[in-house]
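For reference, the structure is listed below as structure tokens.
In what follows, every chain begins at residue 1, and chains take the letters A, B, ... in the order their sequences are listed. No experiment lies behind these values; they were computed from the predicted model shown.
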Protein chains: 2
Amino acid sequence: MRKPATIRDVAREAGVSVAVVSRVLNDGTGPVAPQTRAKVVETIERLGYRPRAAARELQQRTTSTIGLVLADLANPFFARLADRVVWEARARGVHVVLLTTQEDPHLEAESIDTLVERSVASVIATPAGDNVEKWARLIDLGIDVVFVDREIEGLEEIDVVTIRNDVSAEVAASHLIGLGHRRIGFISGPADTSTGRDRVTGFRRALQGAGLTADEDLIHHIPFRGDAGSDAVGALLNAAEPPSAIIVGNTAQVRSALRRIKQSDVRVPEDLSLVVFDDNPWTELVSPPLTVIRQPIDMLAVHSVDLAVGRAKGLLPAQRRRVEVEAEFVRRSSTAPLTQHAPAP
Amino acid sequence: MRKPATIRDVAREAGVSVAVVSRVLNDGTGPVAPQTRAKVVETIERLGYRPRAAARELQQRTTSTIGLVLADLANPFFARLADRVVWEARARGVHVVLLTTQEDPHLEAESIDTLVERSVASVIATPAGDNVEKWARLIDLGIDVVFVDREIEGLEEIDVVTIRNDVSAEVAASHLIGLGHRRIGFISGPADTSTGRDRVTGFRRALQGAGLTADEDLIHHIPFRGDAGSDAVGALLNAAEPPSAIIVGNTAQVRSALRRIKQSDVRVPEDLSLVVFDDNPWTELVSPPLTVIRQPIDMLAVHSVDLAVGRAKGLLPAQRRRVEVEAEFVRRSSTAPLTQHAPAP
DNA sequence: TTGTAGGCGTTATCAG
DNA sequence: CTGATAACGCCTACAA
């Protein structure tokens, strides 16, 4: 266990001053004679010297690190988002500190504090609760925040990157209506989340557009965590007048919902048509392959990182930006035209 | 955008010296009178002061950050591992810098350099290539490394946390043999990875134990990335004498392999029994539900973090530690007794 | 083109 | 119990 070389070691070893070494380190900072540079570079190589990030960050005001605050990496949607964000960030030379909230506002608050301590350059987050003041404090400290996928109200200066949740839900519902379905169940996220609300809004709009009225009993707002998807499906299936189609607009609950459907004796799509939010590696592996709304995760990641890094470098106009990317409706085999209800044998 | 308060601001505001503030910050460092402490705490609260991590790290030699170097977050196995690691780390008050290698040794090498710069306390990694010298350098700098899931040779002082890959594969194969299968295909990871090798080793052992000889044509080493799983299945299915069962020991390729099987007209488990490595949220949602080897991700995470943090705090015996946790064989419906081959109608 | 010196915010070591 | 003050490693004026 050797103690790492410092800039001073390099300077001494190369027979120059620390200033010169510093200049070749971050070149463009000042002039360095070609041969001097060569000598320094060689020495750096030989000593295996690497500038110490902490020292650098202390002296500069900012960092080359961004914070990524996600709800839950076990959810494939967030996992793939993280994957792309890390990738895009690396391409821009920035590191990612990863924090998860498990949808818990308290943990989220803690995470925000952590990010302040680390004085990250900026933050990409899926807000979980209403830590409005906490987020505001970040902004106030000059740490730029980008909300991705979800958003919360009461914050002016925060960029947002998301799909058009209302439109996506509307498209899904219209598809089902076009197939003749009249009673459609909708399982959404919590009513106090933007996605939970917006998707229901779009759903309602589709119904209205078709001259239908929404049956409130068919609309379920359920938590992201836990196993409520199963219960919601159960309630829907056991309703006096059960729906002929269900849209699961709560990505985290798709699995739970699907399991419940499999356990029952309803057949998809013969007895029940199904559209779920978010495509992922297994939606086309199940039987039948699922009709889905596919979020363009790459785009979400690219824009988030662009904004986060761009803001940090101060090369974006002050005005808050809102980026809405198109989600894609992918029809597979879990949706079919409404038929006279023929109970399973 | 206010500039954040420093320890000096707090000291001045509270009418004490910075030393006192520092002591209440990390208490146990020295004595502080109760009322003085109260005053300081109040001031800290009022000013919203948070100690700056960079300054702290500069002065102390170490960090409360660990590096997590994973191959690919899009793989649910790694995603869930990351989720648990972040969780366990937080429970111990440490942060996680996440880096992905995409299985690329070059990116891995870069990642290691990054971790040196950040002077992380320790690193948890799934080694991708043979960056032996790079890893050795980390060790040499006093940064402890824990390999999880995989390992590479030539490194003495690195802790390893993994399942018993050979035994797990052996169990899977024995299960199939017990069902009467004689020709069993095995799709593994690259031959230059520990998992890729060990699983095949166990597979061979099972065959030998049953007095069978392995047909080398039925053993495929394929990359983790890309779509080779599909090709491997194709080759197996189209062999002159195709296997009656396949074990997919390459977690990342399960999906690809499964897709290919679905496209073909072989029925699972009637025509082909199937065991795959690693359980995940969708293995029981597909038809038929898959028989799997389930890795105890929680355990992998707990032990990795324990080792990483424990080492960093220097409270572990010097000797390298090797933790092997039990994987679980979960029988579902994708395996069945061998029958006379009855081609699909 | 190169070198010197001050400071970034904390912690730690001593005296008071 | 409390208060100066010297590091920690790097960057950046400012001098030479």
A:S22 side chain near D:dC10 phosphate (N/O to OP1/OP2, under 4.0 Å)
no
Does C:dT11 have its OP1 or OP2 closer than 4.0 Å to a side-chain nitrogen or oxygen of B:R56?
yes
Select base, sugar-phosphate, or nothing to describe what A:A19 touches, counting heavy atoms under 4.0 Å on all strands.
base
A:L58 side-chain proximity, nearest of C:dT1, C:dG9, C:dG3:
C:dG9
Looking only at the side chain of B:A33 (C-beta and beyond, no hydrogens), which of the listed nucleotides C:dG3, D:dG9, D:dC1 gets closest?
D:dC1
Whichever of A:L25 and B:Q59 has the more 5' nearest nucleotide on DNA chain D, that residue is B:Q59
From CA spacing to verdict: side chain to side chain donor-acceptor pair (under 3.5 Å), B:Q102, B:T100:
CA-CA 6 Å; B:Q102 316 293 335; B:T100 58; 3.2 Å; yes
Take B:R90 and A:S111, measure what side chain to side chain donor-acceptor pair (under 3.5 Å) needs, and give me the verdict at the end.
CA-CA 10 Å; B:R90 182 204 285 269; A:S111 300; 2.9 Å; yes
Regarding the side chain of A:S17, the nearest nucleotide among D:dC1, C:dG3, D:dT5 is C:dG3
Under 3.5 Å: donor-acceptor pair, side chain of B:S194, backbone of B:E151
yes
Check this for me, if you would: do A:E88 and A:R84 make a salt bridge, where the nitrogen-to-carboxylate-oxygen distance has to be below 4.0 angstrom?
no
Let me know the distance between CZ of A:R12 and P of C:dT2, rounded to the nearest Å.
19 Å
B:E13/B:R46 salt bridge by N-O under 4.0 Å criterion:
yes
Could you tell me whether A:V16 contacts a base, only the sugar-phosphate backbone, or nothing, with contacts defined as non-hydrogen atoms closer than 4.0 Å?
sugar-phosphate
Which comes earlier along DNA chain D counting from the 5' end, the contact point of B:T36 or that of B:Q60, where each point is its nearest nucleotide?
B:T36
Measure from the side-chain heavy atoms of B:R23 and tell me the nearest of C:dT11, C:dG9, D:dG3.
D:dG3
Pair of N/O donor and acceptor under 3.5 Å linking D:dG9 base with A:R50 side chain:
no
Taking any heavy-atom pair under 4.0 Å as a contact, classify B:P51: base, sugar-phosphate, or nothing.
sugar-phosphate
Within the structure shown, what part of the strands sits under 4.0 Å from B:R61 by heavy-atom distance: base, sugar-phosphate, or nothing?
sugar-phosphate
